[in-house]
Amino acid sequence: MGLVLLLLLIILIIPISLLTFLAIIVRPKPTKISVKNRHVFISGGSSGIGLALAHQAALEGAQVSILARNPSKLQEAKDSIKLATGRDVAVFSADVRDFEAVDKAIRDAGPIDILVCNQGVFVPQELEKESLEEIKFMIDVNLMGTFHLIKAALPNMKNRGDRGPGSIAIMSSQAGQVGIYGYSAYSASKFGLRGMAEALQQELIGDDIHVSLIFPPDTETPGFVEENKRRPQLTSIIAASSGAMKAEEVAEKALKGIQSGSFIVPCNFEGILLSIATAGLSPQRSFLMAFIEVVAASILRIAALCFQWNWYASIERWHAQKKL
């Protein structure tokens, strides 16, 4: 009986001690970021996830600005948000690859409390077949465009005074957590965002600005429709197990992540598993989530190796069939 009690105590003491330790060391500390009556600036805001985010932020009482390249689509987005929420939004036409145009738009928009870098382009193709112009286009829009937005917004964001905690949300992708066949250039642009975000959070925590890195899966957007027209066959085979989410669902998960100040924001169950498996040295505000990451790390590594085995088996079968 004494041995049973001792084992029970050990079983309880170890997780409780680990939880206590993690509660002490996790950084940055938990925070809450309100969007009500605050300026939310969203790039890529005329369609897809960006438009859905603009709708939801406006419904929660935010002062919303959206930026995109196409003036007519911006006007359509402005009208749809007004019709759905009763709130006006400011619209700005600029190409995120052009820093001067982005800088002017952000200066015209006024001080920003929450910046959402949501723009993105994707051209799926094997690297050998993809043109350098297409590769550069993805990197310039997805990665350099995000640098441009943040660089332009930071001066006023750092001088917010007593307006409360700020947020910079960066829209990555599950292809920014794991590389997939046909995603060489796209994954490079999205993996780069993670390195930026991890370093940026350290640079800005003293200014009460909190970085969120959002990892949506395939999402039903106009861009996704175009992507599927060109997606390599092997990409479709490997990604077949992952279903697409609706833009509104991703926007809801993203906004909740921003409001909780979460650094990593997954959007579905598969995304949660990917986030745990790839946690590495990323910041973690929740000691409970940190506990799950610590406990589940070895199990998820085994699962990841099983996924890789399956993917490479699919590639081998595909090449074998081509040789027949």
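Bear in mind the structure is a predicted one, so any value in this text is a computation, not a measurement.
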So, taking the atom named [atom1] in [X] and the one named [atom2] in [Y], what distance separates them when rounded to the nearest 0.5 Å?
X: K151; Y: T146; atom1: NZ; atom2: OG1; result: 15.0 Å
X: I114; Y: S34; atom1: CD1; atom2: OG; result: 7.0 Å
X: T278; Y: L273; atom1: OG1; atom2: CG; result: 10.5 Å
X: F122; Y: S187; atom1: CZ; atom2: OG; result: 7.5 Å
X: F41; Y: I66; atom1: CZ; atom2: CD1; result: 9.5 Å
X: R38; Y: I112; atom1: CZ; atom2: CD1; result: 12.0 Å

| task | Starting from V295, walk the hydrophobic network (Ile, Leu, Val, Met, Phe, Trp, Tyr; side-chain heavy atoms closer than 4.5 Å) and list everyone else you reach, by chain and number. | result | L18, L19, F21, L22, I24, I25, V26, F287, L288, F291, V294

Minimal non-hydrogen separation, [X] against [Y], with atom names:
X: V102; Y: V96; result: CG2-CA, 3.6 Å
X: R160; Y: D208; result: NH2-O, 3.3 Å
X: L255; Y: A57; result: CD2-N, 4.2 Å
X: S93; Y: P71; result: OG-CG, 3.8 Å
X: N118; Y: G44; result: ND2-O, 3.0 Å
X: S314; Y: L234; result: O-CD2, 4.0 Å

Would you call [X] and [Y] a salt bridge, taking side-chain N to carboxylate O under 4.0 Å as the test?
X: E220; Y: K246; result: yes
X: E100; Y: K104; result: no
X: R194; Y: E198; result: yes
X: R97; Y: D140; result: no

Quick check: does any side chain N or O of [X] sit under 3.5 Å from a backbone N or O of [Y], one acting as donor and the other as acceptor?
X: Q125; Y: R230; value: no
X: Q119; Y: S43; value: no
X: N159; Y: P155; value: yes
X: R87; Y: K82; value: no
X: K36; Y: E60; value: no

| task | Evaluate the ring planes of W311 and F307, with Trp represented by its six-membered ring, and classify them as parallel (under 30°), tilted (30 to 60°) or perpendicular (over 60°). | result | tilted

| remark: Which of V40, V265, V116 passes side chain to side chain contact (heavy atoms under 4.5 Å, CB included) with I258? It is V116

| query | What pairs of residues pass the side chain to side chain donor-acceptor pair (under 3.5 Å) test when at least one of them lies in residues 289-306, not counting sequence neighbours? | reply | Q284-E293

Are [X] and [Y] joined in one hydrophobic group, where the rule is that I, L, V, M, F, W and Y side chains link up if heavy atoms are under 4.5 Å apart?
X: F269; Y: M245; answer: no
X: V141; Y: L193; answer: yes
X: L154; Y: L149; answer: yes
X: M144; Y: Y186; answer: yes
X: V35; Y: L67; answer: no

Taking side chain as C-beta onward, heavy atoms only, is [X] less than 4.5 Å from [Y]?
X: M171; Y: P216; answer: yes
X: C267; Y: I214; answer: yes
X: N268; Y: Q174; answer: yes
X: Q177; Y: S275; answer: yes
X: I106; Y: N156; answer: no
X: L274; Y: F215; answer: no
X: K256; Y: E252; answer: yes
X: Q201; Y: P28; answer: yes

| query | Going through the checks in order, is the side-chain contact (heavy atoms from CB on, under 4.5 Å) test met by L53 and V64? | reply | CA-CA 10 Å; L53 262 170; V64 177; over 6 Å; no

| request: Verify side-chain contact (heavy atoms from CB on, under 4.5 Å) between F263 and H210, making sure each step is shown before the conclusion. | output: CA-CA 8 Å; F263 179 78; H210 307 276; over 6 Å; no

Do [X] and [Y] pair up side chain to side chain, a donor and an acceptor below 3.5 Å, judged on atom types alone?
X: S46; Y: E76; answer: no
X: H55; Y: T85; answer: no
X: T221; Y: T219; answer: no
X: H39; Y: N37; answer: no

| request: May I have all residue pairs that pass ring-ring contact (aromatic ring centres under 6.0 Å, His included) and include part of residues 73-106, sequence neighbours excluded? | output: F99-H148

| said: R317 vs I237, test: side-chain contact (heavy atoms from CB on, under 4.5 Å). Steps then yes/no. | reply: CA-CA 11 Å; R317 285 193 299 271; I237 291 169; over 6 Å; no

| task | Report the C-alpha separation of I150 and M196 in whole Å, then their side-chain angles, then the decisive distance to 0.1 Å, and conclude whether the side-chain contact (heavy atoms from CB on, under 4.5 Å) test is met. | result | CA-CA 11 Å; I150 295 171; M196 176 213 293; 3.8 Å; yes

| message | Would you say NZ of K253 has more than 12 non-hydrogen atoms from neighbouring residues, nucleotides or ligands within 6.0 angstrom? | response | no

